[in-house]
Enquirer: 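I have a structure I would like to understand better, so I am pasting it below and will then ask my questions one at a time.
Values below: every heavy atom of this structure, side chains too, minus hydrogens, waters and symmetry copies.
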Amino acid sequence: ATLNLTINNNTTSSWPNATACDSYTWAANGITYTNSGAYTYATTNANGCDSTATLNLTINNNTSTSATETACDSYTWVANGTTYTSSGTYTNTSTNAAGCTLTETLNLTINNSTTSSWPNATACDSYTWAANGVTYTSSGVYTFATTNASGCDSTATLNLTINNNTSTSA
């Protein structure tokens, strides 16, 4: 009698190391993993023997940040180099150090500087400007720089004419 013997072997395989952002679905078993680790999958190979696959998985995470800023007139956001001149919520998407998505949100309030011109003023000998409390004795254009209620620059301008009293003696 002749014995024809076939020996089938168990198989072991290592998948290439995998890196993913937030989750990874392993094609060998269809399972989605959200944590880094070494995973094994045991099944039966085509010959009916044990087959074990191993996956070394690194999960990196997407990240997000949020910032609230207030500025006068304009604001240049470092995240994207864009200059904004109006209030609003802005989003920038880029890649973090792990190679995953970084979503940055900017909650921005823009306050504006103000400029005002006082009515032309004419006075005899001297004039005390209510804006700054300074008394002027000569004609000219004067400016007063301060901060408005929003914390931004405020510049007032006064056009002043000083007429001097005259006296005559006979």
Enquirer: The test is side chain to side chain contact (heavy atoms under 4.5 Å, CB included); show your working for L106 and T89 and say whether it passes.
Expert: CA-CA 6 Å; L106 172 65; T89 300; over 6 Å; no
Enquirer: Do the side chains of T109 and E69 get nearer than 4.5 Å, heavy atoms only?
Expert: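 Result no, sub-4.5 Å side-chain heavy-atom pair not found.
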Enquirer: Is it possible for you to say whether Y24 and Y41 belong to one hydrophobic cluster, with membership spreading through side-chain heavy-atom contacts below 4.5 Å?
Expert: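 Cluster IDs for Y24 and Y41 match.
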Enquirer: Looking at side-chain heavy atoms only, is the closest gap between T105 and Y90 below 4.5 Å?
Expert: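 In short, these two side chains do not touch, never coming nearer than 4.5 Å.
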Enquirer: Could you state the interatomic distance from CG (L108) to OG1 (T70), rounded to the nearest 0.5 Å?
Expert: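 Between L108 CG and T70 OG1, I get 7.5 Å after rounding to 0.5 Å.
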Enquirer: Going by distance alone, is a donor N or O of one side chain under 3.5 Å from an acceptor N or O of the other, for Y39 and N35?
Expert: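 No pair is found: no donor N or O on one side chain lies under 3.5 Å from an acceptor on the other.
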Enquirer: Give a yes or no on whether the backbone of N61 and the side-chain of N96 come within a donor-acceptor separation of less than 3.5 Å.
Expert: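 Side chain of N96 to backbone of N61: a pair is present.
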Enquirer: Counting N and O atoms only, with roles assigned by atom type, does the side chain of D22 sit under 3.5 Å from a partner on the main chain of N62, one being a donor and the other an acceptor?
Expert: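 Yes.
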Enquirer: With heavy-atom distances below 4.5 Å as the criterion, would you say the side chains of W77 and E104 are in contact?
Expert: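 Yes, close enough: below the 4.5 Å cut-off.
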Enquirer: Measuring from atom CG of N111 to atom SG of C72, what distance do you get when rounded to the nearest 0.5 angstrom?
Expert: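 Rounded to the nearest 0.5 Å, the CG-SG separation comes to 6.0 Å.
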Enquirer: Report the distance from atom OG1 of T65 to atom CG of N92, rounding to the nearest 0.5 Å.
Expert: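 T65 atom OG1 to N92 atom CG measures 9.0 Å (nearest 0.5 Å).
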Enquirer: Distance check, rounded to the nearest 0.5 Å: I31 atom CD1 versus W26 atom CH2?
Expert: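 So the gap between those two atoms works out to 8.5 Å.
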Enquirer: Quick one: pull up OG1 in T19 and CG in N56 and give me the separation to the nearest 0.5 Å.
Expert: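 If I round to the nearest 0.5 Å, the distance is 10.0 Å.
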Enquirer: When rounded to the nearest 0.5 angstrom, what is the spacing between CG in N29 and OG1 in T40?
Expert: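 N29 atom CG to T40 atom OG1 measures 9.5 Å (nearest 0.5 Å).
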Enquirer: Do Y136 and W118 belong to the same hydrophobic cluster, where Ile, Leu, Val, Met, Phe, Trp and Tyr are linked whenever their side-chain heavy atoms lie under 4.5 Å apart, directly or via other members?
Expert: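 Yes, because Y136 and W118 connect within a single hydrophobic cluster, where side-chain heavy atoms sit under 4.5 Å apart.
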Enquirer: Can you tell me if T157 and T143 form a side-chain donor-acceptor pair at under 3.5 Å?
Expert: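 No, no side-chain donor-acceptor contact under 3.5 Å.
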Enquirer: Hey, does S36 have a side-chain heavy atom less than 4.5 Å from the side chain of I59?
Expert: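 When only atoms from C-beta onward are counted, S36 and I59 do touch, with a gap below 4.5 Å.
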Enquirer: Are any side-chain N or O atoms of T146 and backbone N or O atoms of S154, one a donor and one an acceptor, separated by less than 3.5 Å?
Expert: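 Judged by distance alone, no pair lies under 3.5 Å.
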Enquirer: What is the minimum heavy-atom distance between G99 and C21, and which atoms define it?
Expert: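 Nearest pair, atom of G99 first, then C21: O-SG, 3.8 Å.
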Enquirer: Is a side-chain donor-acceptor pair under 3.5 Å present for T34 with S23?
Expert: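 No, no side-chain donor-acceptor pair sits under 3.5 Å.
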Enquirer: Between S64 and T103, do the side chains contain an N or O donor and an N or O acceptor separated by less than 3.5 Å?
Expert: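 Distance-only check fails for S64 and T103.
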Enquirer: Could you check T114 against C152 for side chain to side chain contact (heavy atoms under 4.5 Å, CB included), going step by step and ending with a plain yes or no?
Expert: CA-CA 8 Å; T114 54; C152 299; over 6 Å; no
Enquirer: Tell me if a side-chain donor or acceptor on N120 pairs with a main-chain N or O of L158 at a distance below 3.5 Å.
Expert: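 Flag not set: sc N120 to bb L158 has no pair under 3.5 Å.
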Enquirer: Less than 4.5 Å apart, any side-chain heavy atom of T82 and any of T76?
Expert: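 T82 vs T76: side chains apart.
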